[in-house]
There are 6 protein chains.
Amino acid sequence: MRVDGREAHELRSVHIETDYLKHPEGSVLIQVGDTKVICTASVEDRVPPFMRGSGKGWIAAEYSMLPRATGQRNIRESSKGKVSGRTMEIQRLIGRSLRAVVNLEAIGERTVWIDCDVIQADGGTRTASITGAFVALSFALNKLYEEKKLSSFPVIDFLAAASVGIVKEHGTVLDLNYIEDSQAEVDMNVVMTGKNEFVELQGTGEEATFSINDLHGLLELAQTGITSLFAIQATALGEIAGKIGK
Amino acid sequence: MRVDGREAHELRSVHIETDYLKHPEGSVLIQVGDTKVICTASVEDRVPPFMRGSGKGWIAAEYSMLPRATGQRNIRESSKGKVSGRTMEIQRLIGRSLRAVVNLEAIGERTVWIDCDVIQADGGTRTASITGAFVALSFALNKLYEEKKLSSFPVIDFLAAASVGIVKEHGTVLDLNYIEDSQAEVDMNVVMTGKNEFVELQGTGEEATFSINDLHGLLELAQTGITSLFAIQATALGEIAGKIGK
Amino acid sequence: MRVDGREAHELRSVHIETDYLKHPEGSVLIQVGDTKVICTASVEDRVPPFMRGSGKGWIAAEYSMLPRATGQRNIRESSKGKVSGRTMEIQRLIGRSLRAVVNLEAIGERTVWIDCDVIQADGGTRTASITGAFVALSFALNKLYEEKKLSSFPVIDFLAAASVGIVKEHGTVLDLNYIEDSQAEVDMNVVMTGKNEFVELQGTGEEATFSINDLHGLLELAQTGITSLFAIQATALGEIAGKIGK
Amino acid sequence: MRVDGREAHELRSVHIETDYLKHPEGSVLIQVGDTKVICTASVEDRVPPFMRGSGKGWIAAEYSMLPRATGQRNIRESSKGKVSGRTMEIQRLIGRSLRAVVNLEAIGERTVWIDCDVIQADGGTRTASITGAFVALSFALNKLYEEKKLSSFPVIDFLAAASVGIVKEHGTVLDLNYIEDSQAEVDMNVVMTGKNEFVELQGTGEEATFSINDLHGLLELAQTGITSLFAIQATALGEIAGKIGK
Amino acid sequence: MRVDGREAHELRSVHIETDYLKHPEGSVLIQVGDTKVICTASVEDRVPPFMRGSGKGWIAAEYSMLPRATGQRNIRESSKGKVSGRTMEIQRLIGRSLRAVVNLEAIGERTVWIDCDVIQADGGTRTASITGAFVALSFALNKLYEEKKLSSFPVIDFLAAASVGIVKEHGTVLDLNYIEDSQAEVDMNVVMTGKNEFVELQGTGEEATFSINDLHGLLELAQTGITSLFAIQATALGEIAGKIGK
Amino acid sequence: MRVDGREAHELRSVHIETDYLKHPEGSVLIQVGDTKVICTASVEDRVPPFMRGSGKGWIAAEYSMLPRATGQRNIRESSKGKVSGRTMEIQRLIGRSLRAVVNLEAIGERTVWIDCDVIQADGGTRTASITGAFVALSFALNKLYEEKKLSSFPVIDFLAAASVGIVKEHGTVLDLNYIEDSQAEVDMNVVMTGKNEFVELQGTGEEATFSINDLHGLLELAQTGITSLFAIQATALGEIAGKIGK
């Protein structure tokens with residue numbers, strides 16, 4: 001039994017509250033156990049310089065944690081005057097992941113800004129961010145679509161993410177909380193589409209290694225978890241779910 | 001009648017949700033109309049360099065807005081690499097205000113970090129921050145006190161803040177929302193204690209001026225509003241309210 | 001008697017030397033006791049991005065202290081690579097104050113840059129900066145007016161600032177020097193126009209509070225002092241004084 | 001046939017020149033086709049603050065490219081005043097990878113700084129950096145060991161990295177050059193140990209996805225390539241190779 | 001005849017006002033024609049990290065211009081968040097120059113901070129800064145000496161600086177003003193001691209060159225000018241002048 | 001005899017490897033004893049803002065050292081987030097020097113970026129950079145000329161640089177290595193053209209001075225050394241050498 005009583009293949013309870021904020025075109029509060037992330041999607045009617053004239057849109061993501069989202073207070077990155085490597089890595093991951101399931105031509109020269117702000121952290125903040133951001137993004141793009149600004153609904157598949165890892169004494173587990181994450185020998189983040197394809201796979205053995213067999217076990221667990229997340233996303237999206245991939 | 005149907009002397013509805021986050025020593029979500037701010041208080045067992053050896057504690061405040069707390073998305077200050085003048089002004093104001101009602105000697109050489117993160121903005125974010133932060137701070141200091149780390153309860157009086165202003169066609173009004181704030185000729189933020197004393201008074205006529213009579217009208221409204229806020233704070237604080245000033 | 005022998009309602013001696021530098025369109029050296037500030041006004045034929053196309057002008061202010069303007073040498077903000085919160089607060093205050101007495105439409109799409117550089121500090125540098133900057137600004141705008149670049153003289157009223165405060169054992173005093181300022185329980189900066197209207201009012205009780213009666217006493221003193229400053233400004237401005245508000 | 005005439009499973013020619021610079025404790029120039037990276041290992045007799053008192057050592061990596069390592073000149077990160085997200089991601093990857101095959105306790109409280117400076121880029125700079133850095137690091141640690149500063153040789157296994165990817169019309173290929181990399185639908189970097197275990201696995205579908213079968217094909221190719229790299233490293237290391245894992 | 005009516009070998013009029021500011025240990029306002037620089041010397045009772053434990057003191061210099069010291073307003077380096085290459089070059093030059101004529105052992109582990117703030121610029125600001133800073137420094141060190149904190153007077157020789165250059169149609173000239181400087185083909189700054197020895201020699205042909213004969217002519221003029229500056233410094237220093245080199 | 005066995009007037013052995021990198025328009029590896037610098041010249045089809053519309057080109061230089069180019073590892077300037085004063089001084093020197101021997105009108109509105117990256121340092125890195133950069137620049141400009149983008153060959157004379165100095169016990173010496181440089185009382189960098197004219201002369205007595213006679217001795221040695229460097233450059237340039245100054 002794991003520290004919080006779960007089985008190895010069990011997700012923590014997941015809730016997605018939609019329309020969480022009044023200003024953004026799409027916004028959710030996603031809770032995965034004690035991890036809570038506000039994900040918003042904001043539409044801007046222009047693209048970054050390197051995309052201008054391409055006729056295509058762009059999805060850019062930013063990620064941050066409130067200073068006291070964690071057990072110890074962290075100094076704000078705005079006070080330090082620079083964004084950490086960890087933050088950059090995460091926001092690049094979120095952006096790349098979402099772009100894989102959106103038809104960027106269909107958006108036109110617009111940027112959708114994804115903001116993932118962790119208000120409480122208990123492990124798995126980057127995967128919760130991706131899972132929640134997909135919902136916020138779908139709401140924002142549906143808004144554009146309903147306003148007839150897009151000729152087709154541009155989301156081409158579901159997208160969700162889960163963490164898996166190898167934890168001493170517990171073996172391969174799904175959806176690590178903070179304590180498990182800090183004890184894990186191997187830590188892997190998996191981002192998949194509704195067609196069971198991979199978008200991102202990032203496995204790390206910090207001062208440890210893993211075999212091809214370990215990898216198979218980890219990926220199997222990840223797929224199980226992500227399949228459950230798709231159902232939760234579909235419920236949160238309501239009728240928008242039916243437009244995905246059409 | 002004002003844009004949202006209030007009378008000139010009416011506050012928007014105010015809710016303070018306590019114990020909002022699991023990690024901080026004190027945390028609230030304060031809502032003032034559509035303005036929502038997460039206020040946390042984090043205790044650190046040391047003081048900034050300029051206070052070392054003084055035997056006294058310190059209260060430091062930081063303030064930030066989520067990028068899409070507002071109608072238009074703002075670039076993160078962490079991405080810009082520097083904190084704006086507006087942000088600095090607000091966090092200095094919050095810190096100074098709270099220090100006025102806390103016995104810093106009684107805290108010992110500890111810092112309480114106050115973090116006010118605006119997740120949705122509709123005017124009055126700095127006054128909501130002060131009002132909410134007072135509650136979060138009181139919870140955090142009560143925790144220290146209950147753990148017998150302090151020999152006396154260090155909060156010496158209530159503290160709350162309200163905005164008042166002069167708005168074309170509406171005259172002097174209490175608790176401006178965003179639309180009123182952007183139309184106001186005079187904008188004043190007032191911070192007061194439970195004994196009806198001022199801690200901070202910041203009145204500004206952006207491209208306008210105001211008379212001593214205007215000032216009287218504004219201060220009277222502010223006091224009315226702040227008195228109501230004290231009652232809401234007391235309810236949120238529960239039995240801690242009874243320890244203040246004792 | 002105060003530390004420098006003044007009565008509570010007495011200003012320190014104030015001198016304004018005009019045409020202090022050869023390059024700026026307007027420049028003064030203002031001395032208030034031992035506080036010395038060089039104030040310059042520089043005209044630029046364009047406005048910041050957020051004002052473009054508005055047909056209106058802008059007044060922007062910057063404030064700085066020489067490293068050894070004070071008793072202890074301060075590290076330069078250029079060496080630290082960032083501007084302090086105090087500096088930002090002051091330059092925002094100077095800019096807002098001056099904009100309140102200038103007809104920005106009459107300037108056209110020009111920016112007047114106000115630079116206040118404190119070469120010696122003994123308390124009251126922000127109020128001296130405002131009082132001096134008003135004179136430098138008036139000279140610069142008069143130059144534009146005399147060159148027929150403006151169709152009307154755009155300064156609509158006098159503007160000056162004074163500090164007042166409550167100092168232990170001395171009570172309410174006008175124009176605090178550095179020693180008084182560091183002992184003050186309440187510190188207030190008041191900016192007023194020639195019509196005795198307020199433009200800015202910033203009162204602070206650092207670890208202290210003040211009553212409405214205290215406030216009345218402070219404002220009365222401030223008005224006395226500011227009235228004297230208007231006379232000194234008028235002398236410095238010579239015939240330009242007669243154009244103000246016409 | 002690939003753009004440079006290679007088969008899908010062929011590495012480019014790899015050369016490792018040891019003792020490339022006179023100052024560092026270990027240094028190599030690694031060439032993988034037209035990609036050339038100077039890798040140095042510098043020993044410092046202290047650890048970062050978070051490791052002090054742990055009795056363990058640390059390996060930190062930095063990565064950079066000369067401005068004209070690429071077809072278009074890039075602005076230096078020192079001129080921009082900040083390090084890009086891509087650079088941070090790579091230097092974190094290099095550091096984590098190397099730490100997985102070194103006994104950090106055996107190093108004692110020392111930091112080995114790894115610097116990977118790309119002087120010419122043609123794809124695969126991060127994997128070449130890891131492969132070359134492993135050799136430089138082994139030289140530096142051997143120097144400490146030969147000087148009797150370490151009681152055991154701390155490198156516990158070989159470590160090398162290769163890129164694999166799926167390129168339109170060519171399918172799954174090993175060791176992508178710049179042209180292939182820019183056309184790839186899936187790009188994966190694999191870091192493995194001499195025991196055929198994974199240390200890092202980073203697979204990305206930029207605006208594309210990949211299946212579990214694709215993954216198997218990619219990993220098989222990666223292992224082939226990495227096995228060849230171990231032989232080249234062993235030759236470069238000479239008698240030091242025999243100490244690894246002993 | 002030159003643009004301002006001087007002969008080729010003539011300095012502009014030079015004035016050094018001593019005790020210009022009340023806080024610094026030494027301070028002057030030096031005027032060289034229309035160039036005006038405030039030079040201060042501040043004593044700090046410690047040295048930079050690289051000097052600790054050496055038993056020797058240090059002299060560090062900083063240089064800045066008010067934004068409107070020049071015909072066009074310059075953006076403040078504090079606003080830009082970084083110091084320009086030109087500023088760094090000048091402050092390094094001032095510091096090195098002054099250190100050449102001070103017995104650093106005799107100062108003990110103290111730093112003298114030299115601040116040169118140009119309030120009005122008309123060419124030759126770096127040479128005026130050195131010439132003025134020498135006087136401010138001598139006052140500050142004399143103060144320490146008179147307070148018996150130093151056992152010997154540590155200034156071992158006079159030091160002054162002049163600019164020389166080759167200007168089209170005027171040939172070799174001494175002490176270039178701004179117009180001459182902007183037209184000069186060759187620009188040279190010379191720093192010399194009272195014994196007619198060089199401390200610094202920086203000659204530059206911006207898009208031009210100069211011969212050994214040109215160099216002789218330039219150095220002869222420089223020496224003439226610097227000899228005059230020593231006399232002006234001696235007058236400003238009064239009886240301190242007699243202690244130099246004793 | 002000097003520390004490395006040279007006579008006072010002897011250069012270290014100098015090698016210039018041309019076409020060192022595949023991407024830049026011109027690139028060399030210059031070795032002066034143990035000092036090794038990669039110099040590249042990159043052509044960009046536009047000029048900096050201050051040159052636009054002038055019809056002239058520009059040459060801009062950047063200089064950097066690998067962290068472990070030196071005996072002790074230096075922190076990267078990109079990690080520190082700012083460029084040191086020493087670096088700025090050197091890159092300004094390189095740029096000015098090269099511009100003196102190029103007909104900027106003949107280049108048209110193009111910038112040639114010179115990058116000098118020191119991979120191993122043993123004294124004289126700035127003079128080696130200039131000497132090597134001249135060759136890289138000539139290759140890049142010849143490429144433009146051969147492609148008929150320029151109507152005349154724009155290099156008007158040879159350019160090389162040498163260091164000279166006065167070292168205790170050795171007197172005046174040419175081409176100081178690191179040990180000599182750190183012991184030198186006087187350090188001078190001389191940049192000359194093929195017509196034996198000076199472009200830059202920077203002599204410094206760090207805590208020391210030098211006489212006019214010392215200067216003559218130093219300049220004579222410098223000229224000897226630079227004359228030898230011209231021959232080495234000519235060999236490296238091959239037939240391009242014949243176009244210079246034509």
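Numbered from 1 within each chain, the chains take letters A, B, ... in sequence-line order.
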**Student:** Select one option (side chain, backbone, both, neither) describing which atoms of Ser27(C) are under 4.5 Å from chain E's heavy atoms.
**Tutor:**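 Neither; nothing under 4.5 Å.
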**Student:** Between Thr35(C) and Tyr178(C), is there a side-chain heavy-atom distance shorter than 4.5 Å?
**Tutor:**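 They are not in contact (no side-chain heavy atoms under 4.5 Å apart), so the answer is no.
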**Student:** Taking every heavy-atom pair that is under 4.5 Å apart, which of Lys82(E), Glu77(E), Gln120(E), Gln72(E) has the most such pairs with chain C?
**Tutor:**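 The residue among Lys82(E), Glu77(E), Gln120(E), Gln72(E) with the greatest pair count is Gln120(E).
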**Student:** If you count heavy-atom pairs within less than 4.5 Å of chain C, which of His23(E), Glu44(E), Lys80(E) leads?
**Tutor:**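 Maximum pair count with chain C is reached by His23(E).
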**Student:** Rounded to the nearest 0.5 Å, what separates atom CD1 in Ile16(E) from atom CD in Gln31(E)?
**Tutor:**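 It is 10.5 Å, given to the nearest 0.5 Å.
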**Student:** Can you list everything that forms a salt bridge (charged side-chain N to carboxylate O under 4.0 Å, His left out) with Arg73(E)? Sequence neighbours excluded, please.
**Tutor:**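 Partners of Arg73(E) under the salt bridge (charged side-chain N to carboxylate O under 4.0 Å, His left out) test: Glu62(C), Asp115(C).
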**Student:** Quick one: what part of Thr40(C) sits under 4.5 Å from any heavy atom of chain E, side chain, backbone, both or neither?
**Tutor:**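 The side chain, not the backbone.
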**Student:** In terms of heavy-atom pairs under 4.5 Å with chain C, which of Asp122(E), Leu21(E), Ile38(E) leads?
**Tutor:**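 If we count pairs closer than 4.5 Å to chain C, Leu21(E) comes out on top.
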**Student:** Applying ring pair (Phe, Tyr, Trp, His ring centres under 6.0 Å) as the test, list every pair that has at least one member in residues 25-51 of chain E; sequence neighbours left out.
**Tutor:**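 Sorted result for residues 25-51 of chain E: Phe50(E)-Trp58(E).
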**Student:** Checking Ser163(C) side chain against Asn189(C) main chain: does a donor-acceptor pair fall under 3.5 Å?
**Tutor:**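 Not a single qualifying donor-acceptor pair exists.
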**Student:** Kindly indicate whether the side chain of Lys168(E), heavy atoms from C-beta on, has any atom under 4.5 Å from the side chain of Gln183(E).
**Tutor:**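 No, side chains not in contact.
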**Student:** Give me the atom names and distance for the closest heavy-atom approach of Val47(E) to Gly57(E).
**Tutor:**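 In this case the closest contact between Val47(E) and Gly57(E) is CG1-CA, 3.9 Å.
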**Student:** Taking all non-hydrogen atoms of both residues into account, name the closest pair between Glu180(E) and Asp175(E) and its distance.
**Tutor:**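 Closest approach of Glu180(E) to Asp175(E), heavy atoms only: OE1-O, 4.0 Å.
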**Student:** So does Asp4(E) pair up with Arg12(E), basic N to acidic O under 4.0 Å?
**Tutor:**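 Between Arg12(E) and Asp4(E) there is no salt bridge, as every charged N stays at least 4.0 Å from the carboxylate O atoms.
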**Student:** Of the non-hydrogen atoms in Gly225(E) and Leu174(E), which two are nearest, and what is the gap between them?
**Tutor:**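 Scanning both residues completely, I find the closest heavy atoms to be CA-CD2, 3.7 Å.
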**Student:** Relative to chain E, which segment of Lys36(C) carries a heavy atom at a distance below 4.5 Å: side chain, backbone, both, or neither?
**Tutor:**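 When you check distances to chain E, only side chain atoms of Lys36(C) fall under 4.5 Å.
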**Student:** Could you please state which residues from residues 126-146 of chain C sit under 4.5 angstrom from chain E, measuring non-hydrogen atom to non-hydrogen atom, sorted by number, or 'none'?
**Tutor:**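 From residues 126-146 of chain C, none sit under 4.5 Å of chain E.
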**Student:** Is Asp117(C) salt-bridged to Arg68(E), going by a charged N under 4.0 Å from an acidic O?
**Tutor:**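 Between Arg68(E) and Asp117(C) there is no salt bridge, as every charged N stays at least 4.0 Å from the carboxylate O atoms.
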**Student:** Looking at Ala121(E), Ser42(E), Gly81(E), which makes the most heavy-atom pairs under 4.5 Å with chain C?
**Tutor:**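 Heavy-atom pair counts peak at Ser42(E).
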**Student:** Checking an interface table here. Which of residues 83-95 of chain C come within a heavy-atom distance under 4.5 Å of chain E?
**Tutor:**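 Listed by number: Val83(C).
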**Student:** Any sub-3.5 Å donor-acceptor pair from Arg2(E)'s side-chain atoms to Ala8(E)'s backbone N or O?
**Tutor:**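 Yes; at least one donor-acceptor contact below 3.5 Å.
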**Student:** Looking at Gln233(C) and Leu159(C), would you say the former's side chain and the latter's main chain have a donor-acceptor pair under 3.5 Å?
**Tutor:**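 Yes.
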